[in-house]
Number of protein chains: 2
Amino acid sequence: MENKNKIEESGYDRLIKCGIRPSVQRLAVMNYLMENRIHPTVDKIFNDLYPTMPTLSRTTVYNTLKLLVESGAAIMLTIDERNTRFDAETKPHTHFMCYKCGTVTDLNINPPVLKGNYIDDCEILNSELYLYGHCPECVNKNKN
Amino acid sequence: MENKNKIEESGYDRLIKCGIRPSVQRLAVMNYLMENRIHPTVDKIFNDLYPTMPTLSRTTVYNTLKLLVESGAAIMLTIDERNTRFDAETKPHTHFMCYKCGTVTDLNINPPVLKGNYIDDCEILNSELYLYGHCPECVNKNKN
DNA sequence: TTCAAATCTGTAATAATAACAAAATAATGG
DNA sequence: CCATTATTTTGTTATTATTACAGATTTGAA
């Protein structure tokens, strides 16, 4: 995996490659996801973009994320029961969520790559490996 | 994996083993999950139990499922973005959801067993492998 | 049998997401 | 460059899953 916190490709290039017209709003969301590998929720994205884009609508963030996922420019994670989260890294990798602080991070462990195979006659198009537990920060916090 | 559609243990025994007092409602939900390995949503469980238990409350189903998961008598799946789903099979196994019909099934492929390990200093307590694609029924439906 | 604890129930509140229609913006053809 | 059309964005409203809560019921123990 490359740099943990940033993807070395421009948001513009990613949108074009995925056949998405690069409006200001779409670029903002795409760039946000590529520069902030924190698996943000819709609310996090909206709140972080809003100060510099005061006309931005929450609906646009929803619409844009839906478009990004459908076009393969990002993936949606259901690791968090409460909110859907989004990631600009579309290559298979493993996600972890801390039960205590709720943070979602990437883990350096390869998930099984099953896309394209048939298993029990099911055609596999996508897969996600989700791990849950305690992150280093929360593990240390409880040592006292 | 044993019989695909039923778990060979009584709901009563499972509740006792997990330290849960076996009320009528809890038994009904536990038995339903053990006899119907369909990874049902809360609504599905409620609607299926309601005819034979007309005093049952949806809130009780929510409360009971929460208790079952916390006590280790069942697991919660977040494979489906829209609804949480539940499974009485608590041993690690792989889940599949069909993009077309939404059905969730078990797959005969072993997930990586990582519980108890530390990965990147994260203490792993649980893991889920979710696969997505087209189930045999929906694959065949489109062959025409 | 009585009292306290546990459980269940129904309603009301919350919060995430989707539907929709009007306004704004961008693209196209003359 | 203007007029028309298509696309995108926006804000409001609706929907739906889930949670909070308080009163009613049931259970268990003394």
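Chain A is the first sequence line, chain B the second, and so forth, proteins listed ahead of strands; every chain is numbered from 1. Atom set for the values below is all heavy atoms of this structure, side chains included, hydrogens, waters and symmetry mates excluded.
- At C:dT9, one or more side-chain N or O atoms of B:Thr55 fall inside 4.0 Å of OP1 or OP2 (strictly under the cut-off).
- Here C:dT17 presents its P atom at 11 Å from CZ of A:Arg85, a figure rounded to the nearest Å.
- For A:Arg82, the side-chain atoms get nearest to D:dT19 when compared with the rest of D:dT8, C:dT17, D:dT19.
- For the pair B:Ile45 CD1 and D:dA17 P, the computed distance is 14 Å after rounding to whole Å.
- The base of C:dT17 lies outside donor-acceptor range of the side chain of A:Thr84, with no N or O pair under 3.5 Å.
- Paired with B:Ile75 under the rule side chain to side chain contact (heavy atoms under 4.5 Å, CB included), one option of B:Asp87, B:Leu68, B:Asn126, B:Leu33 passes, and it is B:Asp87.
- Nucleic acid contact for B:Ser23: sugar-phosphate only, since backbone atoms but no base atoms lie under 4.0 Å from a heavy atom of the residue.
- Between the P atom of C:dC8 and the CG atom of B:Leu49 lies a distance of 13 Å, rounded to the nearest Å.
- An OP1 or OP2 oxygen of D:dT10 is reached within less than 4.0 angstrom by a side-chain nitrogen or oxygen of A:Gln25.
- Aromatic ring orientation, B:Phe46 versus B:Tyr50: tilted (interplanar angle from 30° to 60°).
- The side chain of B:Arg26 contributes an N or O atom lying less than 4.0 Å from OP1 or OP2 of C:dC8.
- The distance from atom CZ of A:Phe46 to atom C1' of C:dA18 is 17 Å, rounded to the nearest whole Å.
- Residue whose closest nucleotide on DNA chain D sits further toward the 5' end, between A:Arg58 and B:Val42: A:Arg58.
- Distance NZ (B:Lys66) to C1' (D:dA17): 15 Å, rounded to an integer number of Å.
- No side-chain donor-acceptor contact under 3.5 Å links B:His93 and B:Asn108.
- As rounded to whole Å, 17 Å separates atom P of C:dC8 from atom OH of B:Tyr50.
- The side chain of A:Arg21 contributes an N or O atom lying less than 4.0 Å from OP1 or OP2 of D:dT8.
- With 3.5 Å as the limit, one finds a donor-acceptor pair spanning the side chains of B:Asp106 and B:His39.
- Here the side chain of A:Thr59 is nearest to one of D:dT12, C:dA16, D:dC21, namely D:dT12.
- Using a 4.0 Å heavy-atom criterion, one finds that A:Asn63 contacts the bases of the nucleic acid, with or without backbone contacts as well.
- Which of D:dT19, D:dA17, C:dT17 sits closest to the side chain of B:Glu81 comes down to C:dT17.
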Residue pair A:Tyr132, B:Leu125: steps toward the side chain to side chain contact (heavy atoms under 4.5 Å, CB included) verdict: CA-CA 6 Å; A:Tyr132 300 85; B:Leu125 299 176; 5.7 Å; no
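- The distance from atom CE of A:Met76 to atom P of C:dA16 is 15 Å, rounded to the nearest whole Å.
- For the pair B:Tyr62 OH and C:dT7 C1', the interatomic distance rounds to 19 Å; values are reported in whole Å.
- With distances taken from any side-chain atom of A:Ser57 to the nucleotides D:dT8, C:dT9, D:dT10, the minimum falls on D:dT10.
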